[in-house]
Amino acid sequence: MSTLSTHPSGTNYLNHTRGIMSWIFTLDHKRIGMMYLFSVLLSFFAGGMLAVLIRLQLWTPEASLFTQDQYNQIFTLHGAIMVFLVIIPSIPAALGNFVLPIMLGAKDVAFPRLNLFSYHLWVFGALVFLLALFTGGLDTGWTFYTPYSTDTDSAMGGVIPALTAVFILGFSSIFTGMNFIVTIHRLRPPGMTWFRMPLFLWAIYATAIIQVLATPVLGITLMLLAVERAFGIGIFDPALGGDPVLYQHFFWFYSHPAVYIMILPAMGIISELISVHSHKHIFGYKFIAFSSIAIAIFGFLVWGHHMFTSGQSALMNVIFSAITFSVSIPSAIKVFNWLATMYKGSISLNTPMLYALSFIFIFSIGGLTGLHLGTLATDIHLHDTYFVVAHFHYVMMGSALLAMIGGMHHWWPKMTGKMYNEFWGRIGCGLVFLGFNLTFFPQFMLGSQGMPRRYAQYDDYLPETVQLFEFYHQLSTIGSLVMAVGFFLTAGYLLHSIFFGKRAPANPWGGRSLEWQCASPPPHDNFAETPTVGDCYDFSVLEWNEQEQGYTWREDVPRPGEERTA
Amino acid sequence: MSHSHEQHGHGDHPEHLGHHWDNVQQQFEASKLGMWLFLATEVLLFGGLFVAYAVWRGNNPELYAYGSEYLDVTMGAINTTILILSSLTMAMAVTYAQLNRQTALLVCLILTFLGACGFMIVKYFEYADKIQEGILPGAAFYEPPANLEASKYWNPDLPIIDRETLLALRIQEAEREREGRPAQIDRPRFGEVSSVAPAAVGPAGFDPDAVRARHVRGEKSNVHPLQDPNRPINAHMFFNIYFMMTGLHGIHVLVGMIVIGWLIYRAALGHFGSDYFTPVDLGGLYWHIVDLIWIFLFPLFYLI
């Protein structure tokens with residue numbers, strides 16, 4: 001009725017064609033996005049279960065469940081799966097693939113075949129990674145630091161398959177990034193200037209720049225490491241004139257920007273959620289847009305802060321520390337703009353909004369604790385302790401992943417055409433939020449008291465220290481179980497909604513960007529005619545429609561593109 | 001996937017136009033932007049190795065002065081010429097495609113392909129020579145050549161100087177030099193102010209003239225590095241980076257041969273013309289970057 005695009009035959013992208021092959025070899029960005037979403041969530045389940053195992057091991061000070069070698073493997077797999085298989089592809093490849101072309105009013109991304117290829121590469125990379133488990137395992141930590149990864153006497157046989165897998169996954173990420181950059185440059189609809197793009201697209205664009213520029217360096221680093229391990233040529237081996245710290249430089253030159261591959265799209269989602277669910281124009285649009293680009297640029301210049309204790313020169317430490325602090329400026333700009341957007345808005349506390357609020361709370365803690373680690377003097381004490389673990393889980397898990405789940409709820413009606421149960425959604429979000437903080441806040445305490453990360457047991461301290469550590473570890477373990485219940489609950493009601501959920505209206509939340517102007521779920525080619533767009537944060541043109549159970553365009557306001565003829 | 005049954009509002013729909021594009025021009029520009037982005041990733045992929053080259057050369061300049069003496073400048077120069085010429089024929093191929101001159105397009109693509117083959121053949125002889133002599137990266141460098149008879153450097157009368165012997169030799173030399181000098185004043189250094197140890201620094205006092213005195217530029221070395229008492233410590237490191245960079249470049253040439261082969265196949269079928277030459281154009285861009293990387297590799301390894 002009121003949607004811009006209803007397909008003549010009434011079909012949508014889900015039932016446009018049938019059969020498993022029509023999914024595996026589809027060129028439709030929506031199906032590719034959904035396959036990514038499914039795969040990423042599957043990996044998230046695997047990585048999450050490993051996390052629970054880690055927490056259970058640390059319930060007691062003694063190594064009660066696993067030997068030290070087994071524990072090393074578990075945390076390595078947890079880290080590698082969560083970073084390379086879950087967080088990096090989660091928002092750009094899964095949600096971005098689904099939403100980006102529709103937000104642009106386009107029929108697809110610029111290179112649909114390349115898009116499918118990058119998904120196939122992801123699957124292939126994941127399979128090769130599995131191979132690492134069957135060729136001797138992997139216990140180097142997700143960073144593959146030398147000499148753990150090159151010492152063939154002690155390191156496990158899975159190193160080369162794992163390196164190959166990450167190399168392949170990296171190219172999957174590069175191709176996605178290339179695709180998005182070209183799509184945003186070449187497929188914007190009439191009326192959408194750069195500064196009329198939804199902020200999610202700015203964030204995806206900044207992310208794509210990092211994906212394209214940083215990931216090749218990871219590729220070459222992993223190749224050097226694989227050659228080093230296979231042929232022992234001594235690039236990173238001091239005995240043969242090599243330098244293990246050079247590996248760290250190479251690795252973090254990618255992996256620090258990769259942190260922003262994880263957080264930038266999350267910030268983009270939050271910009272959308274806060275504005276739409278507060279029904280208020282986003283505050284400081286240009287500042288949010290430019291701060292995404294600023295974070296992408298600064299992100300390339302701070303890698304040295306991972307090596308404050310690795311024997312860098314004092315001068316370099318000071319420079320990297322100073323640049324690290326500067327990243328807090330664009331990050332804070334975003335947080336303040338979100339808060340200002342909510343000010344005097346009419347906030348609907350829907351599940352996506354609750355996730356957005358959780359994000360702001362958690363990200364603030366995660367960001368501010370980064371200052372302790374960026375300060376040289378305190379970092380000497382906190383380096384490689386649980387403080388670091390807590391910090392990056394606040395940023396990568398509590399911020400990036402919760403934003404992804406918030407975004408998933410936001411676009412769930414669009415993706416599946418069904419509404420989930422709002423009551424259970426709020427309960428689930430509450431459990432995840434409480435569980436998360438209970439898991440990771442005690443780890444700040446642990447770290448500041450000196451508990452090192454990656455230890456399988458902590459019974460070799462003074463009795464009162466062991467007692468203190470045990471208390472915090474047990475709090476943390478309880479938290480992780482609460483969080484697991486929250487996630488399983490979420491999985492439950494989302495699955496339930498697919499089969500029994502109410503039919504979703506085109507625009508359940510009152511969003512103005514283009515994806516809310518096509519049907520839920522969208523037809524195969526999104527828009528029959530490329531739509532003209534206006535200001536995608538001006539919500540005054542929408543009104544609640546009781547009959548539709550969603551928002552529709554006000555009858556007394558002309559649509560963009562129609563004003564001229566009217 | 002065919003979308004021809006769907007309404008597009010295009011009266012005549014060009015064969016190569018994807019369903020999500022408005023017109024051919026938009027599609028061509030997007031493809032080209034995508035290719036340039038891919039080239040940016042290639043530059044960064046090699047960029048990592050160029051940085052490694054810079055770091056190691058900065059720390060161990062003597063290795064590079066020494067190692068490059070064992071590379072064959074003539075062969076490198078021939079390969080440089082071949083690649084530049086093949087870039088020319090590739091650029092001509094793009095122009096001929098745009099001008100719709102089918103035969104000239106095909107000839108130029110085949111010439112480019114032959115250039116790539118020529119490059120790989122020369123590279124094969126260079127690599128084969130290094131492997132024959134046992135001049136290899138890493139620990140393998142310290143194994144004598146498998147076939148001593150065939151080695152052109154190996155002198156059966158000279159002993160092998162392994163890493164330990166060489167190190168002892170260098171320490172002796174340094175001690176002999178120090179004897180004539182006054183003792184250094186012991187004062188705190190900059191690094192001691194911090195609790196963090198200073199980063200490792202390269203050997204101080206590298207004297208390029210001394211290296212040049214041992215090896216006259218342009219005159220090929222005639223002693224096997226393993227038997228050379230003037231060999232710098234860790235001489236193998238030059239060949240680490242040499243094999244890594246030229247090897248990765250060689251892989252790119254092989255990929256380029258596949259791409260050009262595919263272009264030849266499609267050109268022979270008459271797929272390209274003035275209305276559709278995107279693959280030739282993009283393949284050309286790729287071939288130029290492969291060429292360009294070599295233009296940097298040649299002086300960095302062979303000449304300086």
Side-chain angles (χ1 to χ4, degrees), chain A residues 8 25-27 101 106-112 114 174-175 177-179 181-183 185-187 212-221 223-224 227-228 231-235 237-238 240-243 245-246 249-250 253 308-314 316-317 376 380 524-525 528-530, chain B residues 1 3 6-9 18-22 26-27 29-38 40-49 51-52 55-56 59-60 63 136-141 163 190-191 193-201 233-237 239-241 243-244 247-248:
Chain A
F25 294 105
T26 182
L27 295 179
K107 291 187 171 64
D108 213 319
V109 291
F111 310 118
L114 189 68
I174 289 175
F175 291 145
M178 277 170 51
N179 225 331
I181 293 179
V182 177
T183 309
H185 270 276
R186 295 288 172 210
L187 281 171
V212 167
L213 295 184
T215 319
V217 181
L218 176 74
I220 199 69
T221 310
M223 268 170 62
L224 284 172
V227 171
E228 166 86 32
F231 303 106
I233 66 176
I235 306 169
D237 179 5
L240 281 168
D243 182 356
V245 179
L246 187 67
H249 277 288
F250 269 124
F253 183 85
F308 284 160
T309 63
S310 299
Q312 255 177 169
S313 74
M316 255 163 93
N317 281 349
L376 292 173
I380 300 288
H524 170 67
D525 50 4
E529 288 296 327
T530 311
Chain B
M1 298 240 328
H3 298 282
E6 282 162 322
Q7 317 96 315
H8 278 285
H19 78 294
H20 54 299
W21 299 107
D22 290 338
Q26 189 193 24
Q27 184 179 20
E29 280 171 7
S31 306
K32 204 141 178 177
L33 178 61
M35 192 65 200
W36 277 106
L37 283 170
F38 178 70
T41 71
E42 288 285 357
V43 168
L44 279 149
L45 186 77
F46 277 93
L49 288 174
V51 168
V55 170
W56 286 326
N59 284 348
N60 311 84
L63 303 183
L136 293 168
F141 182 84
R163 279 164 58 81
F190 172 69
V193 176
S194 161
S195 61
V196 180
V201 288
I233 291 169
N234 293 328
H236 67 277
M237 284 178 72
F239 297 98
N240 288 353
I241 189 77
F243 276 101
M244 288 298 299
L248 187 66

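By the 4.5 Å heavy-atom criterion applied to side chains, A:R186 and B:W21 are counted as neighbours. A heavy-atom distance below 4.5 Å is not found between the side chains of A:V217 and B:L45. For the pair A:L187 and B:Q26, the minimum side-chain heavy-atom distance is below 4.5 Å. Under the 4.5 Å side-chain criterion, counting only non-hydrogen atoms from C-beta, B:V55 is in contact with A:L246.
Using a 4.5 Å cut-off between heavy atoms, B:F46 makes no contact with chain A at all. Within the 4.5 angstrom heavy-atom criterion, only side-chain atoms of B:L248, from C-beta onward, approach chain A. Neither the backbone nor the side chain of B:A140 comes within less than 4.5 Å of any heavy atom of chain A. B:W56 touches chain A through its side chain: at least one heavy atom from C-beta onward sits under 4.5 Å away, while N, CA, C and O do not. With a 4.5 angstrom heavy-atom cutoff, A:L224 touches chain B via backbone and side-chain atoms both. The parts of A:V212 that come within reach of chain B are both its backbone and its side chain, each placing non-hydrogen atoms under 4.5 angstrom from that chain.
Ranked by heavy-atom pairs under 4.5 Å with chain B, the list A:G241, A:P101, A:G242, A:A214 is led by A:G241. Annotation: maximal heavy-atom pairing with chain B below 4.5 Å, among A:V109, A:D237, A:I233, occurs at A:I233. With chain B as partner, the option from A:L240, A:V182, A:D108 having the largest number of non-hydrogen pairs under 4.5 angstrom is A:L240.
For the atom pair CZ of B:F38 and CG of A:L114, the computed distance is 9.5 Å after rounding to the nearest 0.5 Å. One distance of note links CZ of A:F253 with CG of B:L44; it measures 7.0 Å at 0.5 Å rounding. Rounding to the nearest 0.5 angstrom, the gap separating the CZ atom in A:F231 from the CG atom in B:N240 is 12.0 Å. One distance of note links CD1 of A:I235 with CD1 of B:I241; it measures 7.0 Å at 0.5 Å rounding.
Nearest heavy atom pair, residue A:I220 against residue B:G48, reads CG2-CA, 3.9 Å.
B:H20 places a side-chain N or O within donor-acceptor distance of the main-chain N or O of A:A110, the cut-off being under 3.5 Å.
Residues passing the side-chain hydrogen bond (donor to acceptor under 3.5 Å, both in side chains) test with B:E42, sequence neighbours excluded: B:H252. Looking at residues two or more places apart in sequence or on another chain, you find no salt bridge (Lys or Arg N to Asp or Glu O under 4.0 Å) involving B:R163.
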